[in-house]
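One-based numbering along the sequence shown. Fair warning: this is a prediction, and the values are worked out from it, not measured in the lab.
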Amino acid sequence: MMHDASNFEQKTKNAQKKCIAKVALPSPLRSSFDYLVSDKDAPFAKPGHRLLVDFNNRKTVGIILLITDTSEVPREKLKTALALLDQSPLLPEDIIGLIEFASTYYQHAIGETYQIALPSALRKGKPLLNLNETRWQLTDNSSPDIPKRAKAQLKAADALKNFGSLNEAQLKQQGINKNTLNALLEKAIIEQYSTPPTPQSVTFAPSGIKLDDQQTACLEDFHQRPKGYYPVLLEGVTGSGKTEVYLQMVETTLKQKKQVLILVPEIGLTPQTLGRFERRFQTPLAVFHSDISEKKKLEYWQKAKDGIAPIIIGTRSAIFTPIQNLGLIIIDEEHDLSYKQQDTLRYNAKDLACVRAQHHQIPVILGSATPSLESLYNSESKKFTHWLMEKRAGQSQKAAIDIFDIKQAAMHEGIAEELLPRIDDTLKRGEQVLLFINRRGFAPTLICHDCGWIHHCHACDARMTIHRQAAKSQCHHCGAIEWTPIACPECKSTSLESVGVGTERLTLFMQQQFQDTPCYRIDRDTTGSKGQIDEVLESIKNQQRAILIGTQMLAKGHHLPNVTLVIIVDADHGLMGADFRSLERFGQLVTQVIGRAGRGDKKGTAIIQTHYPEHEQLQKLIHFGYRRFAMDILSERKQLGLPPFQHLALIRLEAQDQQEAIQILTDMIQQTAPHYSQVIGPFSAGLARRAHFFRFQVAIKATSRGARAHTVNAFLAIKDKLIKARHRFSIDIDPQDMA
């Protein structure tokens, strides 16, 4: 004991010599902050601990990055931290490394990056939850005094004798209630105790699915590969059975006593994915998305970190979840733009998943029917293994595709009159119709018939979208809401016309045309409440004839086996996009929407309405499929020196004075001229003005990530001299949206 005390005293003295903590705080400043650690906390403080400090006269929670004995600030000027909040480091080394990589790569302040990666409760300084499990067992009382008439007590005692001990859920399964337990506790026949939670057991339900040759080939490759990092692009047409491949890989990984992380792009897909996994694996799942309560998120976070939760499913932010024994990462619908965060820390969860898998030396599976060009490039250059599934599983066949020329056609709220009988025929067969229009609201424009006035957003270079049911107009860019005018503010005329079609207007028309058929409108306005989209999809599956009208929310992975007719109402909007990625997005969206048709045992048809039926890219997509379409675009990207062949960064400045924004970016370019390979701009963003701010950009294009980082750092070096508090400045590494 004397020896142990001596060791502790020595460690304490050493800690007190190195009692300066470099702390990451929620600040846009791109540096850590130094604090003294109190004598009582110094022996225990380590990287990954939370530290409560006084920052700008406010109590603030930070994360310790480093414990040292030196600081650039004189020791007497350093503040002492208020408290060490954790008994052991909150974050493991691998997550600290991932966060610091994300901060460096995406050029974001380290303190804000840590904040994004932590559950809200922990950011606020709240303690970890007590997840210890209460269990009950028999005492040493060898002759329990239980009367024969107390059958419930006898049953409980027998159960505890047989099982040794039981937790609350197990007691409930045995039909033992709390009154019975309390009676046995009073008699000292049983006792309760607390134990740390143990990894949840998994019961594997049989799949009942016979694998086809292409599924078997994927799984054989998975099983035969040696342990280590390998990224796989699983390219499988819609309905080819990718999910079954995922499930079997997860089963293999769980049997190795490892955990699995599954990323999905949207909240709307989470219940569907959740259902498949819950039916297959009899174990509680840890789920992360914005509809989950903060307390539940923290519980799941701790269970993943402690190795208790075997399966973790979530949207993009789940990539930062600490997982004790990670064995496999799956990214479903890997092409989806939702994996890229569009503000604050502009990270791509898909890329961070590959970084994380490489660190753990485990496989990462990126699945899609319409892979991103980056993933196709990586598979063509052998950076990714490529698994191809070209046929639909079971009896399901690819939908037949018709292109319908709407030039000079009689139109009714966006639908060609000639197509109404085809909709009617489908419904009469007891089947479902899906109408896809990627525009919510009643109409995208309100115009005065007499003077030509157009209802614009007062804060943006955008038109107000009309929402008739709520009698309001809303800007879908800044969120501004106004009552829809009943008279023109310019000429006072009441001849106001709603121009164009949105989901609301199309739904009203279809309800009038097919009054005996249920119509389901699925967009952000109708499925915004918690669990609402899950309820709607379940209702659709329980119907025979039905009309579904929706935005891209309907295109993403939903299995609707009774949909046999799909109509893409407006294909031209995607064909005419200005962003260099527009055609890629168009091909992905059209292919995904078409893939909703004929997923059951009935033949499906997809109809594409367009003014440009002979458009080269549209014809290529329809006749040769997405892969040929995408590979041709990839070839064009190579000739133009665009991603993935070169590396982009986007520097954006927003200011309320247009000329000031242009001048500042011009000055930045001139002052960093020696540092760049190629800089384009300044040029206006796709939406030039949003929320009263003019938006201008500079694009940096480089042949290597290192050259790009060098140029971005040169901009950052002079940023503080030119950018004021009234401006908004941001950096987007590997931008996915140039608007």
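- Summarising the geometry, atom CG belonging to Leu642 is positioned 9.5 Å from atom CZ belonging to Phe645; distances are rounded to the nearest 0.5 Å.
- In terms of modelled atom types and a separation under 3.5 Å, the side chain of Gln619 and the main chain of Pro613 share a donor-acceptor contact.
- A salt bridge between Lys340 and Asp732 is present, with a side-chain N of the basic residue lying under 4.0 Å from a carboxylate O of the acidic one.
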### Message
If you apply the rule side-chain hydrogen bond (donor to acceptor under 3.5 Å, both in side chains), what do you find for Arg30 with Gln107, and how did you get there?
### Response
CA-CA 9 Å; Arg30 301 171 63 82; Gln107 300 282 0; 2.8 Å; yes
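- The backbone N or O of Ala318 sits less than 3.5 Å from a side-chain atom of Thr321, completing a donor-acceptor pair.
- When atom types are taken as modelled, the side chain of Arg695 and the backbone of Leu687 share a donor-acceptor pair closer than 3.5 angstrom.
- A distance of 9.0 Å separates CG of Leu434 from CG of Leu565, quoted to the nearest 0.5 Å.
- Judged by distance alone, the side chain of Arg728 and the main-chain N or O of Arg652 form no donor-acceptor pair under 3.5 Å.
- No side-chain donor-acceptor contact under 3.5 Å links Glu334 to the backbone of Leu233.
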### Message
One pair to check against ring pair (Phe, Tyr, Trp, His ring centres under 6.0 Å): Phe715 and Phe729. What are the steps and the verdict?
### Response
CA-CA 11 Å; Phe715 273 82; Phe729 180 86; 8.1 Å; no
### Task
Determine, stepwise, if the pair Leu234 / Phe222 fulfils side-chain contact (heavy atoms from CB on, under 4.5 Å).
CA-CA 11 Å; Leu234 172 50; Phe222 177 74; over 6 Å; no
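- For Arg422 and Asp402, the salt-bridge test passes: some basic side-chain N is under 4.0 Å from an acidic carboxylate O.
- Side-chain contact annotation: Arg346 with Gln736, donor-acceptor N/O pair under 3.5 Å absent.
- The number of heavy-atom neighbours closer than 6.0 Å to NE2 of His692, taken from other residues, nucleotides and ligands shown, is above 12.
- Looking only at distances, no side-chain donor or acceptor of Glu244 sits under 3.5 Å from a matching main-chain atom of Leu211.
- With rounding to the nearest 0.5 Å, the separation of NZ in Lys620 from CD1 in Ile622 is 13.0 Å.
- With a 6.0 Å radius and a threshold of 12 heavy atoms from other residues, nucleotides or ligands, Glu418 has its CD atom at or below the threshold.
- For the 3.5 Å distance criterion, the side chains of Thr370 and Gln592 qualify, holding a donor opposite an acceptor.
- The backbone N or O of Met631 sits nowhere less than 3.5 Å from a side-chain atom of Ser635 that would complete a donor-acceptor pair.
- Between Asp570 and Arg439, at least one side-chain N (NZ, or NE/NH1/NH2) sits under 4.0 Å from a carboxylate O, which counts as a salt bridge.
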### Task
Show your reasoning for whether side-chain hydrogen bond (donor to acceptor under 3.5 Å, both in side chains) applies to Gln341 and Asp343.
CA-CA 6 Å; Gln341 174 77 20; Asp343 54 18; 2.5 Å; yes
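- Here the CG-OG distance, from Leu263 to Ser338, works out to 12.0 Å after rounding to the nearest 0.5 Å.
- Atom OG1 of Thr605 and atom CD1 of Ile401 lie 10.0 Å apart (nearest 0.5 Å).
- The two residues Leu722 and Ile664 have their closest heavy-atom pair at O-CD1, 3.8 Å.
- Side chain of Arg356 to main chain of Ile319: a donor-acceptor pair is present (N/O by atom type, distance under 3.5 Å, no hydrogens or angles).
- The two atoms that bring Gln474 and Gly479 nearest to each other are NE2-O, 4.0 Å, heavy atoms only.
- A donor and an acceptor atom, one from each side chain of His611 and Asp572, are located under 3.5 Å apart.
- Look at Arg637 and Glu584 and you find a salt bridge, because one of the NZ, NE, NH1 or NH2 atoms lies within 4.0 Å of a carboxylate O, short of that distance.
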### Task
Using the side-chain contact (heavy atoms from CB on, under 4.5 Å) rule, take Cys354 and Phe384 through it: C-alpha gap first, then chi angles, then the decisive distance, then the call.
CA-CA 10 Å; Cys354 291; Phe384 287 2; 4.3 Å; yes
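- At most 12 non-hydrogen atoms from other residues, nucleotides or ligands lie less than 6.0 angstrom from NZ of Lys227.
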### Task
Go through Lys391 and Asp212 one step at a time and tell me if the salt bridge (charged side-chain N to carboxylate O under 4.0 Å, His left out) criterion holds.
CA-CA 10 Å; Lys391 299 179 296 183; Asp212 61 23; over 6 Å; no
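- Phe101 and Tyr105 have parallel rings, their planes meeting at less than 30° on a 0 to 90° scale where 60° marks the start of perpendicular.
- Within 6.0 Å of atom CG in Asp213, 12 or fewer heavy atoms from other residues, nucleotides or ligands are found, so the atom counts as exposed in its surroundings.
- Residues Gln588 and Asp336 bring no donor and acceptor atom of their side chains to less than 3.5 Å of each other.
- Rounded to the nearest 0.5 angstrom, Tyr626 OH and Thr238 OG1 are separated by 13.0 Å.
- Heavy-atom contacts from other residues, nucleotides or ligands closer than 6.0 Å to CD of Gln361 number more than 12.
- In the model, Gln214 has no side-chain atom that pairs as donor or acceptor with a side-chain atom of Ser240 under 3.5 Å.
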### Task
Step by step, work out the side-chain contact (heavy atoms from CB on, under 4.5 Å) result for Ile700 and His647.
CA-CA 8 Å; Ile700 296 169; His647 305 281; over 6 Å; no
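- Remark: the backbone N or O of His108 is paired with a side-chain donor or acceptor of Ser103 at under 3.5 angstrom.
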### Trace of the salt bridge (charged side-chain N to carboxylate O under 4.0 Å, His left out) decision for Glu380 with Arg627
CA-CA 12 Å; Glu380 290 295 306; Arg627 186 171 230 304; 3.6 Å; yes
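- A salt bridge links Glu374 and Arg581; the closest N-O separation between the charged side-chain nitrogens and carboxylate oxygens is under 4.0 Å.
- When all heavy atoms are compared, the tightest approach of Leu640 to Lys701 is O-NZ, 3.5 Å.
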#### Entry: Worked verdict on Phe320 versus Leu352 for side-chain contact (heavy atoms from CB on, under 4.5 Å)
CA-CA 9 Å; Phe320 292 110; Leu352 290 183; 3.7 Å; yes
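- Looking at Tyr106, its side chain does come within 3.5 Å of a backbone N or O of Asn348 through a donor-acceptor pair.
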